[in-house]
Amino acid sequence: LALLQDGSVFSFGANRYGQLGRGSLELNCVSPGKIVLADVRVVALACGALHSVVLSENATFAFGWGSYGQLGGDVIEAQAIPCEIQAVRG
């Protein structure tokens with residue numbers, strides 16, 4: 001993942017479980033693509049091998065492999081689109 005100064009996020013690389021947040025499970029994405037988060041300015045991000053988390057000014061979103069609860073809340077499956085983690089809403 002790459003965080004730009006304007007708060008937008010681009011992703012590229014392996015995507016078997018949707019960890020790029022692009023809405024698909026396309027296996028490998030070599031060209032950077034923008035993650036669409038409507039009216040959200042991202043201020044920080046964290047990348048794991050199989051899941052990712054982005055933090056905005058007032059919300060946290062996760063996507064990718066979620067079989068062990070690492071996406072937060074009740075999500076226990078792979079998510080290819082960013083899903084807000086309600087329990088950590090700021």
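It should be emphasised that the depicted structure is a prediction, and the values quoted were computed from it without experimental measurement. Each residue takes its place number in the sequence, starting with 1.
Side-chain N or O atoms of Gln70 include one that pairs as donor or acceptor with a backbone N or O of Trp65 at under 3.5 Å. The main-chain N or O of Tyr17 is found under 3.5 Å from a side-chain atom of Gln19 such that the two form a donor-acceptor pair. Between the side chain of Thr60 and the backbone N or O of Leu55 there is no donor-acceptor pair closer than 3.5 Å. When atom types are taken as modelled, the side chain of Arg22 and the backbone of Ser11 share a donor-acceptor pair closer than 3.5 angstrom.
Nearest heavy-atom pair, Leu45 versus Ala2, reported as atom, atom and distance to 0.1 Å: CD2-C, 4.2 Å. Here the closest heavy-atom approach between residue Ser52 and residue Cys47 is recorded as OG-CA, 4.3 Å. For the pair Gly23 and Ile81, the tightest heavy-atom approach, listed with the atom from each and the gap, is CA-CG2, 3.5 Å. Between Leu25 and Arg16, the shortest heavy-atom contact is CD2-O, 3.8 Å.
Linking ILVMFWY residues whenever their side-chain heavy atoms come closer than 4.5 Å, directly or via other members, places Leu3 and Ile35 in the same cluster. Note on Val40 and Leu1: same hydrophobic cluster, where clusters join Ile, Leu, Val, Met, Phe, Trp and Tyr whose side-chain heavy atoms are under 4.5 Å apart, directly or indirectly.
No side-chain heavy atom of Leu71 sits under 4.5 Å from any side-chain heavy atom of Phe63. For the pair Phe61/Ser56, a side-chain contact is recorded, criterion being any heavy-atom separation below 4.5 Å from C-beta on. Contact annotation: the side chain of Ser67 never approaches that of Ile76 to less than 4.5 Å [non-hydrogen atoms, C-beta and beyond]. No side-chain heavy atom of Asn28 sits less than 4.5 Å from a side-chain heavy atom of Asn15.
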* **Intermediate values then yes/no, side chain to side chain contact (heavy atoms under 4.5 Å, CB included), Phe10 and Leu4** => CA-CA 8 Å; Phe10 284 77; Leu4 278 59; 3.7 Å; yes
